[in-house]
Colleague: 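Sharing a structure below in C-alpha cells format, with a few things to ask.
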Amino acid sequence: MRTGIRLGTIGGVEIVVDWSLLIIFALIALSLGAGVLPQWHPQWSAGLVWGTALVAALMFFASVLAHELSHAFVGRGAGIRIPRITLFVFGGMAQMEREPPSWGSELRMAIVGPLTSLAIGLACLWLAGVLAGPVPADGADAAADYLAGLSPTATVLIWLGSINLLLGFFNLVPGFPLDGGRVLRAIAWGITGNHGRATQMASLIGQGVAWLLMGIGVAMLLGVRVPVFGYGLGGLWLILIGWFLNGAALLSYRQVQLREALEDVPVSGLMQTRFTHLEPDLRVSELIDRHVVPGGERAFAVECDGRFVGLVCIRDLQRSVREQWHETTVAQIMTPLERLQTVAPQQRASEALDLLTQRGVNQLPVIDHGRLVGLIDRESLLRWLAYRGRPGQGARSVEGLKA
C-alpha cells in the first residue's frame, strides 16, 4: 500500500513524498537555521536565516528528485518503465517494474544518478562564483569574511553545490543497492555473465560497507576523531545509514532470488481456483457473518450474472463505515474490474510477484479470455517458495515478500 503525498507527474513519472521525508527536512532546516547560517552570517536577522534555511532544504530535495529522474529517463531508454519515484527519509527511490535487461543498461542507469548530482554540485558552485567571485585562498579570516558577504542566493548555491558533490561521491560508494553498488553489480554481471552471482557479490560488499559505516559511527560516539567524518553525535547518522544499507542489501538480494526461483513457474500452477463468489447486492454485514468470520478468506470475487465485475478484500472492509454495514452492499465497497491489475494463467509467477510488490496488494485476479479462473496471492507464492523453491530459499529468503 502506497503512503505519502502525491505531488504530480513529471514526464509520465508519478512523484510521491513519503511522510518520513518530514523528519529529514526538519533536520536539514534545523541544522542550517540553528548552526550553519548563523555561523556564516552573524549579521543576518532570524527571519532571513530561517527563510534561507527552508529554501535550501527545498532545493536539496529538488536536486534529489533530479537525481532520481535521471535514473527514470535513462531506464526508459532501455525499455524499463519506472512509474513512480518516492522521496523519503534517506533520499529517493525510483521504482522499476523489472530488473535491467543487460549489464550495459544497468551500468548506464546506475552511473547517471551520481553524475547528475556531481553536475548539479559543480553548476551551483560555478554560479555562486559568478555571483560572489572566487573564494579567497589567503587564510581562514578571509574565508569567513567572504562567507559573511554572500547574498542569500549565493549562500544557498554554495551549500547546495557542496552537498550535491557529497551526495554524488557517497552514491559512488560500492555499497549495493546504492548507485555505486549497482555499478559494481553491472561490472560483475558483465564479467561473469551471471546476474544472480553478480547480485550476491554486490550484496555482500554492500553489507561490508554498511558494517564499516556502523563501526565508524560507534567509534565517533566513543570520542574517536575519524578523518572526514569527525567525532561525536554525528556518528548516529552513520549508524542509521549503515543499518538501512545493510537491510536494503539483504532485501535486494533476496528479491532477486525470489524472481529467479519463480521465473519458469506459470501463474496457473500457483493460483487458487477455489474462492467465494458474491452477488453485488449482498450486504457487507452478511459478507462478514457468512464468509469472513467463519472462513477466514481475505478476498472475494463479485459476479453479476456469472460475469466477474470486481473484488472485495479485507482492506475494503476496513475502509468502510462499520455503522453502515447493514445498509452497504459489496458493490459499493468493491474495487471494480477496470481498476484491478490482473494477470493471465500463462504469465510467469515472477511477473505476478513484481505486480504484487509494485501495486502494494495481497492478491491478483487471474483472467483467461475475460473469465475469472483464479486468484494468486502472496501466501501462495510463500508456500511454493518454502516447499518447492531452490535449496536455501526457505523461510528466510522469502521475508521480502511479506512486506
Colleague: What heavy-atom pair brings H71 and M109 nearest, and what distance separates the two atoms?
Modeller: ND1-O, 2.5 Å
Colleague: Considering non-hydrogen atoms only, spot the tightest contact between F60 and I163 and give its length.
Modeller: CD1-CG2, 3.7 Å
Colleague: Quick one, F244 and I241 - any side-chain contact, counting heavy atoms below 4.5 Å?
Modeller: no
Colleague: I'd like to check L337 versus L372 (side-chain heavy atoms, cut-off strictly below 4.5 Å). Are they in contact?
Modeller: no
Colleague: For the residue pair S320 and T328, establish whether any side-chain heavy-atom pair is separated by less than 4.5 Å.
Modeller: no
Colleague: Between S31 (side chain) and L27 (backbone), is there a donor-acceptor pair under 3.5 Å?
Modeller: no
Colleague: Show every side-chain hydrogen bond (donor to acceptor under 3.5 Å, both in side chains) that has at least one partner inside residues 207-229, sequence neighbours left out.
Modeller: S203-Q207, W211-N246
Colleague: For residues V293 and I288, determine if any side-chain heavy atom of one lies less than 4.5 Å from a side-chain heavy atom of the other.
Modeller: yes
Colleague: Find out whether T52 and W159 are in side-chain contact, i.e. whether some heavy atom of one side chain is under 4.5 Å from a heavy atom of the other.
Modeller: no
Colleague: Taking all atoms of both residues into account, what is the closest heavy-atom pair of P100 and I80, and its distance?
Modeller: CA-CD1, 3.3 Å
Colleague: Are any of the side-chain heavy atoms of L167 and I120 separated by less than 4.5 Å?
Modeller: no
Colleague: Tell me whether Q341 at atom CD has more than 12 heavy atoms from other residues, nucleotides or ligands lying less than 6.0 Å away.
Modeller: yes
Colleague: Sequence neighbours left out, what passes ring pair (Phe, Tyr, Trp, His ring centres under 6.0 Å) with W189? Give chain and number order.
Modeller: H195
Colleague: Do H67 and N164 get their side chains close enough for a donor-acceptor pair, meaning under 3.5 Å?
Modeller: no
Colleague: Are there over 12 heavy-atom neighbours, none belonging to W103, within less than 6.0 Å of that residue's CH2?
Modeller: no
Colleague: Heavy atoms, side chains only, cut-off 4.5 Å: are V267 and L364 in contact?
Modeller: no
Colleague: Quick one: side-chain hydrogen bond (donor to acceptor under 3.5 Å, both in side chains) partners of Q363, sequence neighbours excluded?
Modeller: none
Colleague: Under a 4.5 Å cut-off applied to non-hydrogen side-chain atoms, are H41 and V49 in contact?
Modeller: no
Colleague: Of all the heavy-atom pairs spanning G217 and L238, show the shortest one and how long it is.
Modeller: CA-CB, 4.0 Å
